[in-house]
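In listed order, ligands and their atoms are each counted from 1. All residue numbers refer to positions in the sequence shown, counting from 1.
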Amino acid sequence: MFVFYDKIYIEEIDSTNSYLKSLNASDRTLLYTFNQTKGRGRKNREWLNFKDKNLALSVLFVPQYPVENFLWHIAVFSLSLIDILKEEGVENGWIKWPNDVFIDDKKIAGVLAESVWNNGVMEKLIVGIGININSDRNDLSGIDKKATSLYFETNKTFALNGFAERYIEKLERYFDLFFSDKGKSEIRKRWIDNNKLLGKKAEWIICDKKYIGTVVDIDSDGYLALDDGVETRKVISGDIFLI
Ligand code: BT5
């Protein structure tokens, strides 16, 4: 049974990912706060949190196994939230590969995975999620892209502690599945089921070159497969835009 060995609540922190990165903590340490003051997105982008309204939660892994890529870990974090959304009657949640959870065209959560290497060995893998829980219209309007929250979608205010416990339990169940024999294929199936990109035309940029193609799969490595009319290309990371 997968469990987090340590679950630490902290009242305020700049970034749960940064803190876990700097900490000499053991494998499967989980850290969360409702007051993250300097959240980070990918490529140095900012992740906004609103004090005592949202969850910022990160997990440190000290991998005892080869980690081919982070994508499966990211999927586990997103799928755990999708489950809660469904339980709350929010049926139109979906995962925008690789790291966003959306409700229709609005982002409700983002996942950031980072690693620390030493002599070619991955020493630490840190995966963190920011989830908009009780943010209201006013908070959300301060974000430069369309965003939403659980409160906005359900008209319900959530007790933050209860939500965190519920999310952590989901994560444990999903990691349990992930580390089981058929884990990856089951995660992949659910990831595909909750991914609205498949069959859609999209644009992506690699090394300043723009590509356009149809999303055809999330493959067995967790990569996005796009058909540009000439060949099927694998996208390993980055931003995908629907067109
Ligand atoms: C992400 O980056 O979406 C990853 C966010 C990860 C945040 C968690 S919180 C716990 C842990 N500790 C950290 O310091 N970080 C992680 P990206 O795909 O690059 O998206 C960033 C973009 O999302 C920003 O440029 C904004 O456009 C938008 N954004 C910022 N804050 C948002 C929010 N609260 N809700 C929705 N969208 C937001």
> Does NZ or CZ of Arg188 fall inside the cone over Phe178's six-membered ring, less than 6.0 Å from its centre and within 45° of the axis?
Replying inline: no

Protein residue, atom and distance nearest to [atom], heavy-atom basis:
atom                    : answer
atom 15 (N) of ligand 1 : Arg40 O, 2.8 Å
atom 1 (C) of ligand 1  : Asn99 ND2, 3.5 Å
atom 30 (C) of ligand 1 : Glu46 O, 3.3 Å
atom 3 (O) of ligand 1  : Lys107 NZ, 2.8 Å
atom 27 (O) of ligand 1 : Asp144 OD1, 2.5 Å
atom 31 (N) of ligand 1 : Leu48 N, 2.9 Å
atom 5 (C) of ligand 1  : Trp47 CE3, 3.5 Å

Number the atoms of ligand 1 from 1 as they appear, then name those within less than 4.0 Å of a heavy atom of [X], with their elements.
X      : result
Leu112 : 6 (C), 15 (N)
Gly130 : 7 (C), 8 (C), 9 (S)
Asn132 : 33 (C), 34 (N), 35 (N), 36 (C)
Val111 : 4 (C)
Ile129 : 8 (C), 9 (S), 10 (C)
Ser58  : 10 (C), 11 (C)
Gly39  : 14 (O)
Thr16  : 10 (C), 11 (C), 12 (N)

Report the distance from atom [atom1] of [X] to atom [atom2] of [Y], rounding to the nearest 0.5 Å.
X     : Y      : atom1 : atom2 : answer
Asn49 : Lys38  : CG    : NZ    : 13.0 Å
Phe50 : Ile143 : CZ    : CD1   : 4.5 Å
Phe61 : Lys124 : CZ    : NZ    : 14.0 Å

For ligand 1 and [X], I'd like to know whether there is a polar contact (N/O to N/O, distance under 3.5 Å).
X      : result
Asp239 : no
Asn49  : no
Arg45  : yes
Ile143 : no

> If you look at every heavy atom in Lys53 and Leu160, which pair is closest and at what distance?
Replying inline: O-CD2, 3.6 Å

Determine whether a donor-acceptor pair (N or O, by modelled atom type, separation under 3.5 Å) exists between the side chain of [X] and the backbone of [Y].
X      : Y      : answer
Thr33  : Glu11  : yes
Asp176 : Glu172 : no
Asp227 : Gly229 : yes
Lys7   : Tyr32  : no
Glu203 : Leu242 : no

>> So Trp191 and Ile95, do their side chains get closer than 4.5 Å, heavy atoms only?
In response: yes

> Is the number of heavy atoms from other residues, nucleotides or ligands within 6.0 Å of CZ (Phe102) greater than 12?
Replying inline: yes

> Hey, does Gln36 sit under 4.0 Å from ligand 1 if you only count heavy atoms?
Replying inline: yes

